[in-house]
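Take a look at the structure set out below.
Values below: every heavy atom of this structure, side chains too, minus hydrogens, waters and symmetry copies.
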Amino acid sequence: MKLKDRIAVITGGGTGMGAGAARVLAAQGVTACLLGRRLQVLKDTAAAVGGGAFQCDVSDPEALDAVFDAIGDRFGTPRLLVHAAANGSMPPLLAGRGKACSREALREIVETNVLGTLYVNQVFADRLSRIERMEDGLRGLIVNVSSIGALDGVVGSSYVTSKAAVNGLCLSLARELSGYGIRVMTIAPGGIDTPMFRRGANEAVHELVASTVPALERLGTPLEFGDLVRHICENDYLNGSIIRLDGGMRIPFVKNVGKDTAVLEQADDRG
C-alpha cells in the first residue's frame, strides 16, 4: 500500500503506541483519524500530526458507527485501521490468598479487548468493502494489537485470554476478508515504553522487563511500533500473521503472585 494521501483510523491514538503510529504515518503523508475516550488528549496529538480527533468507546458499536460515518463525511473512507486501544489491566483470577478478582473487571477487559476488537474491525471492513480497489488490487489493511503475554503466559489470565482472542482472529479474518481485498495483520508487542506500561509497572517490574531484552536491555518505543506499522502497510505480502515486537524478550515467570512485583494490575489505554 502506498501511504501518501491515505486515510487511517487509529484507536487509542492519543498516547502510546497509537500516537507513535500516528506520528510515523503522518510523516508519510497519511491523514490520521484518532479514536479514544479522552478527547483533549486526542486533540493534542491530532494537532501535532495534522489529523482528526474523535471521541469514542470501542466497546460501543453504535458509537463506532456514528464516528466512522463522521470520518467518512469529513475525510473519506479510511484504507488503514490500526487498532491499539485496549484495557491493559492484568488481574489474576485469584487476587491473593484465594480472593477472587472483581467480575466487573473481567467483564470490562473482555468487552474492550475482545468485543471492541470485533466491533472496530467489522465497522471498518464494512465501509472499506464498498469502495474501489487501489492500484495494487487491494482495498486496505487492518493491523490489530495483541501482546506477547498471550504467547508467553504472563500472569494475568483475564488479559491474556482477551489478547489470545485477538491473535486467534488474525488468520481467520484475513481469510474471511480476502475476497474483499483486505489484509489483516497483528502486532504482539513486548515491553513498550508507553504511559499504559508506566502506570501499571512499578520500578522493579520496569527494570525486570528491560533487563530481559537480549543485547538491548531496554524497552521498545512507540515510534518503533509505528515503524513496524509502516512496514506492514508497504509490504503487501504480509498477511494473516502475528509479528512479535519485543527485542527478543520472553516473559519470565514470577512466582509471588499478589505482591507488587508480580503483575501489572491497573494499566488502561483505551484512548
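Side-chain contact check for Leu34 versus Gln55: every heavy-atom pair is 4.5 Å or farther apart. Between Ser158 and Pro91 there is a side-chain heavy-atom pair separated by less than 4.5 Å. For the pair Val58 and Val120, the minimum side-chain heavy-atom distance is below 4.5 Å. In this structure the side chain of Val145 never reaches within 4.5 angstrom of the side chain of Thr186, judged on heavy atoms. Contact of the Leu141 side chain with the Asn239 side chain is not registered, since no non-hydrogen atoms from C-beta on lie closer than 4.5 Å. Counting heavy atoms from C-beta on, the side chains of Arg6 and Thr31 never come closer than 4.5 Å. In this structure, His83 and Tyr119 have side chains that are not in contact, with every pair of non-hydrogen atoms separated by 4.5 Å or more. Within the 4.5 Å cutoff, the side chain of Thr117 has heavy atoms near those of the Asn121 side chain.
For the atom pair His231 NE2 and Met185 CE, the distance stands at 8.5 Å (nearest 0.5 Å). Rounded to the nearest 0.5 Å, atoms CE (Met134) and CZ (Arg79) are 5.0 Å apart. Atom CD of Glu132 is separated from atom OG1 of Thr77 by 11.0 Å, given to the nearest 0.5 angstrom. Distance CD1/Ile243 to SG/Cys170: 9.0 Å, rounded to 0.5 Å. A distance of 3.5 Å separates OG1 in Thr212 from CE in Met249, rounded to the nearest 0.5 Å. To the nearest 0.5 Å, the span separating CD1 on Ile251 from CG on Asp152 amounts to 5.0 Å.
Put simply, the side chain of Ser172 never gets that close to the backbone of Leu169: no donor and acceptor are under 3.5 Å apart. A donor-acceptor pair under 3.5 Å links the side-chain atoms of Thr45 to the main chain of Gly14, judged by distance alone. No donor-acceptor distance shorter than 3.5 angstrom exists from the side chain of Gln28 to the backbone of Leu25, with no hydrogens or angles considered. Listed for the Thr11 side chain is a donor-acceptor partner under 3.5 Å among the backbone atoms of Ala85.
Residues passing the side chain to side chain contact (heavy atoms under 4.5 Å, CB included) test with Val160, sequence neighbours excluded: Val154. Remark: Pro78 engages Ile7, Val9, Ile71, Phe124 in a side chain to side chain contact (heavy atoms under 4.5 Å, CB included) (not counting sequence neighbours). The salt bridge (Lys or Arg N to Asp or Glu O under 4.0 Å) search around Arg107 returns Glu104, Glu111, not counting sequence neighbours.
Ile192 and Thr221 get closest at one heavy-atom pair: CG2-C, 3.7 Å. Minimum heavy-atom separation, Pro92 to Cys101: O-CB, 3.3 Å. When every heavy atom of Arg175 is checked against every heavy atom of Ser178, the shortest pair comes out as O-OG, 2.8 Å. Contact detail for Gly247 and Leu216: the closest heavy-atom pair is CA-CD1, 4.3 Å. The minimum heavy-atom distance between Gly88 and Tyr159, with the atom names listed, is CA-CE1, 3.8 Å.
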**Request:** For salt bridge (charged side-chain N to carboxylate O under 4.0 Å, His left out), just list the numbers for Asp65 and Arg127, CA-CA rounded to whole Å, side-chain angles, deciding distance to a tenth of an Å, and then say yes or no.
**Result:** CA-CA 10 Å; Asp65 276 326; Arg127 286 157 177 76; 3.3 Å; yes

**side chain to side chain contact (heavy atoms under 4.5 Å, CB included) between Ile187 and Leu245, intermediate numbers included** = CA-CA 7 Å; Ile187 299 175; Leu245 181 67; 4.1 Å; yes

**Request:** Please assess Gln40 against Asp44 for the test side chain to side chain contact (heavy atoms under 4.5 Å, CB included), listing each intermediate value before the final yes or no.
**Result:** CA-CA 6 Å; Gln40 189 56 54; Asp44 291 344; 2.9 Å; yes

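With hydrogens and angles left out, the side-chain atoms of Asp126 and Gln122 include no donor and acceptor closer than 3.5 Å. Side chains of Asn87 and Thr112: a donor-acceptor N/O pair is absent below 3.5 angstrom, by distance only. A donor atom on one side chain and an acceptor atom on the other are found under 3.5 Å apart for Asn167 and Ser146.
Under a hydrophobic clustering in which Ile, Leu, Val, Met, Phe, Trp and Tyr are joined whenever their side-chain heavy atoms come within less than 4.5 Å, directly or via other members, Ile142 and Phe68 fall into the same cluster. No path of Ile, Leu, Val, Met, Phe, Trp and Tyr side chains, each step under 4.5 Å between heavy atoms, connects Leu93 with Val114, placing them in separate hydrophobic clusters. Under a hydrophobic clustering in which Ile, Leu, Val, Met, Phe, Trp and Tyr are joined whenever their side-chain heavy atoms come within less than 4.5 Å, directly or via other members, Val166 and Val123 fall into different clusters.
Within a 6.0 Å radius of CZ in Phe75, other residues, nucleotides and ligands contribute more than 12 heavy atoms. Surrounding CZ of Arg133 are more than 12 heavy atoms belonging to other residues, nucleotides or ligands, all under 6.0 Å away.
Under the side chain to side chain contact (heavy atoms under 4.5 Å, CB included) test applied with Arg183, the options Leu177, Leu238, Val143 reduce to a single match, Leu238.
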